[in-house]
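Since the structure comes first, as structure tokens, the remarks are kept for the end.
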Amino acid sequence: MSAHQVQLDFLKEEGIPETMKSHVADLRKQIQHHDQRYYDEAAPEIADRDYDLLYRELVELEKKYTTLIVDDSPTQRVKERSQGFLSAAHLVPMQSLDNTYSEEEVIEFMKRLQKLLPGEEVLLTLEPKIDGVAIALLYEDGKLVRGLTRGDGTMGDDVTRNIKTISEIPHQLHGKIPKLLEVRGEVYLSKKMFAQLNEERDEAGLPAFANPRNAAAGSLKQLDPAIVKERQLSAIFYGNGACEGSALKTQLELIDSLRQWGLPTHETTWRASTSEEALQGIRELGKIRHDYVFETDGAVLKVDQLAQRDRLGSTSKAPRWAIAFKYEPERAETRLLDITVQVGRTGILTPVAELEPVVVAGSRVARATLHNEEEILRKDLRIGDCVMIEKAGEVIPAVVRVLQEKRTGEERHFKMPTNCPVCHAAVIKKEGEVAIRCSNVSCPAQLQRQIEYFASRRAMDIAGLGEAVVVQLVDAGLLKSVADLYALRAEQLLPLERMGEKSVENLLQSIDQSRGRPFWRLLVALGIPHVGVTGARTLAEHFHTMQRLQLASVDEFLAIEEVGEIMAKSIHDWLRELKSIELLQQLHETGVHFGEKDIHTSSGEGVLQGTTWVLTGTLSQSRDEIAELIRQAGGKISSSVSAKTTYLLAGEEAGSKLERAKKLKVRVIDEAEFWKILRGA
Ligand code: IVH
């Protein structure tokens with residue numbers, strides 16, 4: 001910088017009012033705070049849109065008052081990468097998209113394209129903007145060799161191990177594949193899995209994730225792939241970086257090819273060559289996006305022809321050939337009438353917002369979880385407040401903020417109770433936890449939730465044992481533990497409300513049938529902290545019986561690749577608690593199945609139902625992993641080839657099993673075919 005310039009800058013700065021300087025400093029501080037919440041803690045406090053507005057304001061002010069730019073301004077920084085992961089360079093840098101929030105900006109974008117490509121016909125595609133985490137996968141000769149997050153666009157975190165736990169991501173592509181392919185897309189958590197994860201986190205006393213994207217980001221950043229697997233992430237691919245050995249010409253061709261190679265994609269249903277068509281598509285997508293399994297926060301408009309994209313090029317931040325239109329989040333104003341407290345399965349007390357009913361995103365909202373007391377304090381929520389609530393698709397509604405300006409002074413502070421609202425026992429707070437729990441192990445509310453959980457579809461799957469029935473059974477003193485379910489008799493059930501002879505018979509029958517459920521289901525049903533469906537399946541597969549599980553040491557648990565320290569310790573400790581020992585004893589006496597006979601039986605669901613598989617040779621991922629996928633799809637795994645075998649999945653260097661299969665005329669398939677079958681193709 002020359003002396004002359006310095007002088008001029010000095011003059012410029014002279015003219016900047018102090019209030020503006022402090023405003024800019026304040027903006028920066030706010031953005032830095034939100035960056036930390038977003039990037040480091042994966043728990044943002046404000047919506048993206050509000051963040052974008054802050055950021056845009058700072059950019060504008062820094063443009064106007066250039067002397068106020070400092071090196072550590074959020075506008076100057078390169079996003080930091082997370083700890084614990086190696087980083088690697090993208091073969092082609094990964095850019096981001098410019099966001100627009102208004103229809104005018106879309107029209108301007110279309111005009112810009114016309115200007116830059118005079119006289120040319122420009123076709124655009126419109127896709128949902130999947131609210132997940134950007135990911136780049138590298139396939140060499142069709143084999144998945146690496147998965148990177150975007151990072152700063154040049155270098156990303158190597159999350160290959162975590163990526164490989166996502167069952168939708170093929171480890172091997174098939175068909176006419178490019179020699180080298182860097183494919184880009186989004187890893188996301190479905191709305192359903194998100195709701196389930198937050199429920200589990202609430203119960204475990206962990207802070208809930210604000211939205212599916214944060215949950216997906218938080219999951220990918222896990223250092224333990226077993227936890228990632230548990231979260232059941234999904235993925236969709238929509239773009240590419242480096243690509244050698246395939247001549248793609250358009251976006252539509254790309255999506256088509258990705259699908260043929262075995263990668264999950266989404267329909268690009270809309271095409272547009274005029275602003276009106278683009279806006280029409282955006283509006284239509286805006287309506288149906290709530291039906292998608294993933295969260296969408298916008299629409300992405302892309303020039304279809306790759307040759308035109310090349311000519312359009314990009315700015316330093318984003319390509320000129322695409323734009324993201326962000327939808328208004330669905331929000332509504334309402335009043336916080338009261339805060340009630342719910343008692344969960346593990347005794348955790350959760351505050352719940354009781355709202356004046358209001359319609360958001362097409363459904364009536366009257367309640368919203370507030371997670372814990374800290375959140376109430378952080379948002380400074382008071383009973384009687386006017387609040388802004390937000391609902392995204394199927395996701396549980398959330399209270400975003402208080403409309404402070406509408407306070408009348410009549411609002412009341414809320415304090416968590418010191419006694420359980422149901423059994424009135426004192427509450428306790430474990431060290432290092434935000435959650436408050438009811439201290440009474442026989443609290444009827446806890447028991448009720450435990451029974452509901454035990455009977456739920458992902459656990460023992462007892463049809464007809466919903467909340468209304470459980471409440472009555474607990475209130476009538478018929479159930480003191482889940483084991484008492486197996487001693488229920490018709491004459492005890494008949495006097496209950498809405499229980500006719502037929503429903504009693506059905507209920508008793510489904511309770512009876514649940515005795516023989518696969519062992520992993522019992523392990524889920526017991527509600528052992530940190531043991532979800534995948535964890536339970538892994539444990540069942542390795543230990544086969546409850547007895548062996550009870551004898552296992554922490555080290556034996558840790559020896560299983562998918563089991564991390566937290567889960568190992570949790571299950572080990574749980575099995576040694578007196579309460580658990582007694583419960584297991586009771587369940588055993590009632591004839592509940594404790595393992596062995598169901599090893600390698602299927603869950604009875606999915607595209608592979610009724611098929612029996614034998615695996616042999618070297619496959620692109622471990623046999624356990626593939627076996628798990630087969631089981632998840634309803635197939636059975638067998639260790640030896642017989643006339644009952646439906647398929648022999650043979651990898652490289654398959655030996656005697658292959659010979660035997662040929663002899664018995666069992667169908668032998670390779671991995672490419674396997675993935676096809678698994679996808680139901
Ligand atoms: S295309 C040059 N298509 O949104 C960047 N991105 O805000 C090309 N995203 O970085 C990206 N859905 O992580 C594209 N259908 C879609 C998308 C999508 C979600 C993400 C992506 C991108 C970010 C930009």
Side-chain angles (χ1 to χ4, degrees), residues 139-145 164-177 229 232 259-264 461 516-521 533-534 536-545 548 560-562 593 595-681:
Y139 284 92
E140 283 173 5
D141 289 319
K143 188 170 160 49
L144 175 61
V145 294
K164 283 189 169 173
T165 66
I166 302 173
S167 60
E168 285 173 356
I169 292 185
H171 294 199
Q172 179 69 44
L173 300 179
H174 45 77
K176 265 187 80 185
I177 47 179
K229 190 168 177 188
Q232 298 197 33
R259 188 175 308 139
Q260 277 170 27
W261 295 331
L263 287 154
D461 196 11
R517 291 267 186 273
F519 182 42
W520 67 264
R521 283 190 171 270
V533 171
T534 318
R537 278 178 178 273
T538 306
L539 291 170
E541 199 168 301
H542 282 82
F543 293 95
H544 304 177
T545 66
R548 276 183 235 163
I560 304 168
E561 203 195 339
E562 295 94 337
H593 171 54
E596 204 68 85
K597 77 171 187 283
D598 59 67
I599 312 158
H600 301 326
T601 62
S602 77
S603 62
E605 298 138 358
V607 286
L608 302 186
Q609 189 162 12
T611 58
T612 302
W613 295 71
V614 176
L615 311 182
T616 187
T618 313
L619 300 162
S620 66
Q621 49 185 304
S622 83
R623 279 196 215 161
D624 278 353
E625 278 173 320
I626 293 195
E628 173 72 5
L629 292 176
I630 293 175
R631 273 196 285 274
Q632 274 172 15
K636 287 184 191 174
I637 298 290
S638 165
S639 54
S640 59
V641 178
S642 75
K644 285 194 193 133
T645 312
T646 324
Y647 296 105
L648 174 74
L649 170 56
E652 274 157 27
E653 288 161 358
S656 61
K657 283 181 189 162
L658 182 60
E659 297 307 321
R660 187 165 160 76
K662 281 182 182 158
K663 222 158 112 197
L664 293 174
K665 296 210 167 34
V666 165
R667 189 157 160 216
V668 179
I669 59 165
D670 63 9
E671 239 191 285
E673 211 172 340
F674 163 68
W675 293 112
K676 246 194 229 163
I677 296 173
L678 192 65
R679 294 206 162 71

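What you are looking at is a predicted structure, and each value in this text was computed from that prediction instead of being measured.
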- Query: Looking at side-chain heavy atoms only, is the closest gap between Trp613 and Leu608 below 4.5 Å?
  - Reply: yes
- Where is the tightest heavy-atom contact between Thr612 and Ser638, given as atom of each residue plus distance? CG2-CB, 3.8 Å
- Message: Please find the pair of heavy atoms, one from Ala540 and one from Phe519, that lie closest to each other, and give the distance.
- Response: CB-CD2, 3.8 Å
- Message: Using 0.5 Å steps for rounding, measure from the OG atom of Ser656 to the NZ atom of Lys663.
- Response: 10.5 Å
- Query: Any sub-3.5 Å donor-acceptor pair from His171's side-chain atoms to Lys164's backbone N or O?
  - Reply: yes
- Note on the structure: Heavy atoms of Val668 and Ala650 approach each other most closely as CG1-CB, 3.9 Å
- Note on the structure: CZ (Arg548) and CG (Leu539) are apart, to the nearest 0.5 Å, by 13.5 Å
- Query: Which heavy-atom pair separates Pro170 from Gly262 by the least distance, and what is that distance?
  - Reply: CG-O, 3.3 Å
- Can you measure from CG (Leu173) to NZ (Lys143) and round to the nearest 0.5 angstrom? 11.5 Å
- Task: Please determine which of Thr646, Thr645, Leu649, Ile637 meets the side-chain contact (heavy atoms from CB on, under 4.5 Å) test together with Val614.
- Result: Thr645
- Which residues share a ring-ring contact (aromatic ring centres under 6.0 Å, His included) with Trp261, sequence neighbours left out: none
- Task: State the NE2-CZ distance between His174 and Phe674, to the nearest 0.5 angstrom.
- Result: 10.5 Å
- Out of curiosity, Lys657 NZ to Leu648 CG, how far, rounded to the nearest 0.5 Å? 8.0 Å
- So, for Ala654 and Thr616, which heavy atoms are closest and what is the spacing to 0.1 Å? CB-CG2, 3.8 Å
- Item | Heavy-atom closest pair, residues Asp141 and Gln172 | O-NE2, 3.7 Å
- Would you call Lys636 and Lys644 a side-chain contact if the rule is heavy atoms closer than 4.5 Å? no
- Task: Working to the nearest 0.5 Å, report the span between OG of Ser167 and NZ of Lys229.
- Result: 9.0 Å
- Can you find a pair of side-chain heavy atoms, one from Tyr647 and one from Ile630, that are under 4.5 Å apart? no
- Is there a side-chain contact between Ile677 and Thr611 (heavy atoms, below 4.5 Å)? no
